Engineer: 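So that we are looking at the same thing, I have put the structure below in structure tokens.
None of these values were measured; they are calculated from a predicted model. Order of the sequence lines fixes the chain letters, A, B, ..., with proteins taken first and strands second; residue numbering starts at 1 for each chain.
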Amino acid sequence: MTFNWIGLVAAVATFLSIWFGHVGVRKIEAASPTIWLPTAVALGLGLALEAGALLTQNLYVSGALGVVGMTILWDALEFSRQHKRIKHGHAPANPNNPRHARLLAESESATTVNWLDRDPMGHVVNLPREEQSL
Amino acid sequence: MNFFGLGLGLATLLIIGLGFVWVIRGEYYLGYLWWPYVMGFGFLLIAISLFVPSVWGSALLGAVGASIVWGSTELKEQAVRAEVGWYPFNPNPKPQPPLVEQIKKWPAPHL
């Protein structure tokens, strides 16, 4: 019995990609003073990985590079979307980041509190101030 | 030129996009306490992918399985998002999963 390992390769690449898209993008956005720089790096890296996926003859390498590259191209967009989440208070702002400090000063709903950092209660919870508004 | 990786990457983007939809719907109708069953189902799909001879079949099954495993860790956070009003909150009682008392004792994974 021989196993077909391509599914496992795709699974690991997909899981790591989603993990980076959630955790890595948040951390980089919180640390970076600009949005354009991480966006440009992600664009360049994603395109390079896709080029690698096209050029290799190895099925496993092509699959892994294709998945990781494509999600990193998506992450390029996510830096801007994360900036908006900070503005709306849906993700905590980093007061030491000048761009976030500006959002904290200008936006009613921006906050350093992470509203998601708790357990579900089973009922609606009213947040103080305007944080519920989208 | 080998278009396998590019195609699989595009398919995976779609699969991850669907993940957002089923996590939101799943939490709304079933609740986050179903997470161990969701996670088990994701791992089961990855295990099955080892026995699928077709390259595309196995790869897509693996990507779907991994996306479901990740989604199972998102259910708890989605429950909180609904409670604070960022998503619609379902006021109706949710069906309890089997072994619910045991599941409540485990910390719901969150990454």
Side-chain angles (χ1 to χ4, degrees), chain A residues 1-19 21-23 46 49-74 85 88-90 115-127 131-134, chain B residues 1-13 15-17 19 27 31-33 42-43 45-67 69-71 73-86 89 91 94 107-108 110-111:
Chain A
M1 168 94 234
T2 52
F3 293 125
N4 187 357
W5 296 106
I6 190 65
L8 191 65
V9 170
V12 171
T14 301
F15 192 86
L16 291 179
S17 293
I18 304 176
W19 172 79
H22 277 74
V23 180
L49 291 175
E50 288 309 320
L54 282 172
L55 294 174
T56 180
Q57 288 308 310
N58 184 306
L59 195 70
Y60 302 121
V61 175
S62 180
L65 291 184
V67 168
V68 175
M70 206 58 83
T71 55
I72 286 181
L73 286 175
W74 184 269
R85 287 187 202 106
H88 293 137
H90 287 196
W115 297 115
L116 297 181
D117 188 20
R118 51 179 202 62
D119 285 321
M121 317 277 278
H123 56 77
V124 172
V125 176
N126 285 315
L127 299 180
E131 281 81 8
Q132 298 110 310
S133 61
L134 282 165
Chain B
M1 294 278 254
N2 180 358
F3 286 95
F4 174 70
L6 194 85
L8 184 63
L10 283 172
T12 302
L13 271 195
I15 289 164
I16 298 173
E27 194 286 320
Y32 78 100
L33 288 169
F43 280 121
L45 292 187
I46 297 171
I48 292 173
S49 80
L50 291 169
F51 300 92
V52 173
S54 146
V55 166
W56 271 104
S58 177
L60 289 175
L61 208 54
V64 169
S67 172
V69 171
W70 180 276
T73 74
E74 281 285 318
L75 287 168
K76 186 184 108 169
E77 193 162 294
Q78 180 58 29
V80 176
R81 287 192 198 105
E83 288 180 8
V84 299
W86 298 348
F89 178 81
K94 297 184 166 91
H110 171 60
L111 296 159

Engineer: Given heavy-atom pairs under 4.5 angstrom as the criterion, report whether the side chain, backbone, both or neither of A:Val23 touches chain B.
Structural biologist: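 Interface part for A:Val23: side chain.
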Engineer: By a 4.5 Å heavy-atom criterion (distance strictly below it), what part of A:Leu73 contacts chain B: side chain, backbone, both, or neither?
Structural biologist: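 For A:Leu73, neither part sits under 4.5 Å from chain B.
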Engineer: Sort B:Phe3 into side chain, backbone, both or neither according to what part of it lies under 4.5 angstrom from a heavy atom of chain A.
Structural biologist: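 Backbone plus side chain of B:Phe3, per the 4.5 Å heavy-atom cut-off to chain A.
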Engineer: Taking B:Thr73 for its side chain and B:His110 for its backbone only, find out whether a donor-acceptor pair lies under 3.5 Å.
Structural biologist: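 No, B:Thr73 side chain to B:His110 backbone: no donor-acceptor pair under 3.5 Å.
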Engineer: Please list every donor-acceptor pair under 3.5 Å in which a side-chain atom of residues 47-56 of chain B meets a protein atom from a residue at least two apart or in another chain.
Structural biologist:
residue : atom : partner : partner atom : Å
B:Ser49 : OG   : B:Ile46 : O            : 2.6
B:Ser54 : OG   : B:Trp56 : N            : 3.4
B:Ser54 : OG   : B:Gly57 : N            : 2.9

Engineer: What is the minimum heavy-atom distance between B:Ser67 and B:Gly19, and which atoms define it?
Structural biologist: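 B:Ser67 and B:Gly19 have their closest heavy atoms at OG-CA, 4.5 Å.
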Engineer: Is B:Leu10 close to chain A through its backbone or its side chain, or both, or neither, when contacts mean heavy atoms under 4.5 Å?
Structural biologist: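 It is both, since atoms from each part get that close.
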Engineer: Minimum heavy-atom separation for A:Glu50 to A:Met70, with atom names?
Structural biologist: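 Reported closest heavy-atom pair: OE2-N, 2.8 Å.
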Engineer: Under a 3.5 Å distance rule, please check whether A:Thr14 uses its side chain to pair with a backbone N or O of A:Ala10 as donor and acceptor.
Structural biologist: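 Checking the backbone N and O of A:Ala10 against the side chain of A:Thr14, a donor-acceptor pair under 3.5 Å is found.
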Engineer: Under a 4.5 Å cutoff for heavy-atom pairs, which residue among A:Pro120, A:Ala53, A:Ala11, A:Gly66 has the most contacts with chain B?
Structural biologist: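 Of A:Pro120, A:Ala53, A:Ala11, A:Gly66, A:Pro120 has the most heavy-atom pairs under 4.5 Å with chain B.
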Engineer: For A:Gly122, is there any backbone N or O sitting under 3.5 Å from a side-chain donor or acceptor partner on B:Glu83?
Structural biologist: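 Yes; judged by distance alone, with no hydrogens or angles, the pair exists.
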Engineer: Counting only N and O atoms by type, is there a donor-acceptor contact under 3.5 Å from the side chain of A:Ser62 to the main-chain atoms of A:Asn58?
Structural biologist: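 No, the answer is negative, given that no donor and acceptor are paired below the 3.5 Å cut-off.
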Engineer: Tell me, side chain or backbone of A:Leu65 under 4.5 Å from chain B's heavy atoms, or both, or neither?
Structural biologist: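 Neither part, no heavy atoms under 4.5 Å.
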Engineer: Does any backbone or side-chain atom of A:Asp119 lie under 4.5 Å from a heavy atom of chain B? Answer side chain, backbone, both or neither.
Structural biologist: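 Looking at A:Asp119, backbone and side chain both touch chain B.
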Engineer: Relative to chain B, which of A:Thr56, A:Val12, A:Leu59 shows the most heavy atom pairs under 4.5 Å?
Structural biologist: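 Maximum pair count with chain B is reached by A:Leu59.
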Engineer: Using non-hydrogen atoms and a 4.5 Å limit, figure out which bit of B:Ile16 sits close to chain A: side chain, backbone, both or neither.
Structural biologist: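 When you check distances to chain A, only side chain atoms of B:Ile16 fall under 4.5 Å.
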Engineer: Quick one: of A:Val124, A:Leu54, A:Thr2, A:Leu8, who has the most non-hydrogen atom pairs under 4.5 Å with chain B?
Structural biologist: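 Between A:Val124, A:Leu54, A:Thr2, A:Leu8, the count favours A:Leu54.
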